[in-house]
Number of protein chains: 2
Amino acid sequence: MPESSRLQRELHQRKPFRSLAHEATVGLARTADLSRRRFEAMLDPHGITASQYNVLRILRGAGQAGLPTLDVADRLVERAPGITRLLDRLEAKGLVRRERCGEDRRKVLCWATPRALRLLEALDAPVDATEAEVMAPLPDADRRELIRLLDRIRAGLGA
Amino acid sequence: MPESSRLQRELHQRKPFRSLAHEATVGLARTADLSRRRFEAMLDPHGITASQYNVLRILRGAGQAGLPTLDVADRLVERAPGITRLLDRLEAKGLVRRERCGEDRRKVLCWATPRALRLLEALDAPVDATEAEVMAPLPDADRRELIRLLDRIRAGLGA
DNA sequence: CATCAATAGTTGACTTGTCAAGTAATATCG
DNA sequence: CGATATTACTTGACAAGTCAACTATTGATG
């Protein structure tokens, strides 16, 4: 019989978890949620959301060539409608430039503006710090182990 | 130098991850996201969302006594406004009953209706199956290890 | 070449999550 | 006991994510 787990206490639960799979999936969801909140709290004073930050990172990675709207969505694992509106807001803030593509007029190419690149540069250190903060309790060996376990789960889910 | 990781390939990235902390936080977010989608796909035909399901589970756990609105929020780690409206929709679907509390008229007690309890019962097996599916790639020892690693991260984040 | 399917994106409607500000009821303190 | 603070929500406004349905191109086929 396992002892009362910490997650059980977090959830005010009396009964033990029904299975390891249950405890692991709940723990996964709650841990990711807490981590997400840390990142959002860090980004908040800079006036962008985590989703917007991720889009800008992707566009920085794409460089001069730019990236079509749906390619941004692919890299975020997000559906198309969300991306369109995310880009709408970033364009309104002057952080993204969009232009219909000449060769294939169905596509809309997107770029991070110079202002976005400056913002991203200013955010590199705080982002690194937040990642380090979230993973602070785990020594390197445990971080590798976590990465491995998560990789295997995603492989099973067909990622 | 580490080999090109599977997450790197998922993200179409050329460069290796900047740090173990970076790869682990990104892996955490993406894995939790994939898991969430599995659960939502499973719940969809039953006409409720994952958030609604979690609320109903909590109310089932509370039993006859019912639970005040904000206590539901606590157990979900959600902010108050979201809960109010989640309960609004569940009440509209006939899955939740709410009543202002007699002893402390600031509180609104919530209960799962008999219909909600029947729905939850029908969902127990599919939910178990989805948890098992998500964790299928991990043997028990790895599940325990994952639970332990996630616990330590949450402990560090002050959960 | 005309038609028809596939691709790239946008729009509308709805659920969720967040913050800020407001209301109603209870608790606290001089 | 009466002003004030605290608690428990509720409402409004907006960002985001989801699906279904629509437009505009482009590609593929007879």
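The chains referred to below are lettered A, B, ... by the order of the sequence lines, with proteins before strands, and numbering in each begins at 1.
Residues A:Leu20 and A:Leu150 are members of separate hydrophobic clusters, defined by side-chain heavy-atom contacts under 4.5 angstrom among Ile, Leu, Val, Met, Phe, Trp and Tyr. Under a hydrophobic clustering in which Ile, Leu, Val, Met, Phe, Trp and Tyr are joined whenever their side-chain heavy atoms come within less than 4.5 Å, directly or via other members, B:Ile58 and B:Trp111 fall into different clusters.
Between B:Thr69 and the phosphate of D:dC9, there is a side-chain N or O to OP1/OP2 separation shorter than 4.0 Å. For C:dT18, the OP1/OP2 oxygens have a side-chain nitrogen or oxygen of A:Arg36 closer than 4.0 Å. Taking side-chain N and O atoms only, A:Arg105 has no distance below 4.0 Å to OP1 or OP2 of C:dG9.
Here C:dT23 presents its C1' atom at 13 Å from CZ of B:Arg106, a figure rounded to the nearest Å. If you measure from atom CG of A:Leu43 to atom P of D:dA15, you get 16 Å, rounded to the nearest angstrom. In this structure, A:Arg79 places its CZ atom 14 Å from C1' of D:dA20, rounding to the nearest Å. One can place CG of A:Asp88 at 14 Å from C1' of C:dG12, the figure rounded to the nearest angstrom. Look at CZ on A:Arg89: it is 10 Å from C1' on D:dG17, rounded to the nearest Å. Taking atom CD of A:Glu103 as the reference point, atom P of C:dA8 lies 14 Å away to the nearest angstrom. At whole-Å resolution of the value, CD in A:Glu78 and P in C:dT16 are 17 Å apart. Taking atom CD1 of residue A:Ile83 and atom C1' of nucleotide C:dT10, one finds them 13 Å apart after rounding to whole Å.
Ranking D:dT18, D:dG17, C:dT10 by closeness to the A:Ser51 side chain, first place goes to D:dG17. Closest contact between the side chain of A:Thr84 and the listed nucleotides D:dA13, C:dG17, C:dG9 involves C:dG9. Comparing D:dC9, C:dA25, D:dA15 by their closest approach to the side chain of A:Thr49 singles out D:dA15.
Using a 4.0 Å heavy-atom cutoff across all strands shown, B:Leu86 reaches sugar-phosphate atoms only and no base atom. Within the 4.0 angstrom heavy-atom criterion, no nucleotide atom of any strand lies near A:Glu40. Using a 4.0 Å heavy-atom distance criterion, B:Pro81 is classed as a base contact. Heavy atoms of A:Arg37 sit under 4.0 angstrom from primed sugar atoms or phosphate atoms, though from no base atom.
Ion pairing between A:Arg154 and A:Asp151 holds under the 4.0 Å rule for side-chain N and carboxylate O. Of the charged side-chain nitrogens involved, none lies within less than 4.0 Å of a carboxylate oxygen, so that B:Glu23 and B:Arg18 do not count as a salt-bridged pair. Looking at B:Asp88 and B:Arg85, no side-chain N of the basic residue comes within less than 4.0 Å of a carboxylate O on the acidic one, giving no salt bridge.
Along DNA chain C, the nucleotide nearest A:Asp104 and the nucleotide nearest A:Arg85 are compared for position; the residue whose nucleotide lies closer to the 5' end is A:Asp104. Where B:Leu70 and A:Cys101 meet DNA chain D, the nucleotide closest to each residue was compared, and B:Leu70 sits on the side nearer the 5' end.
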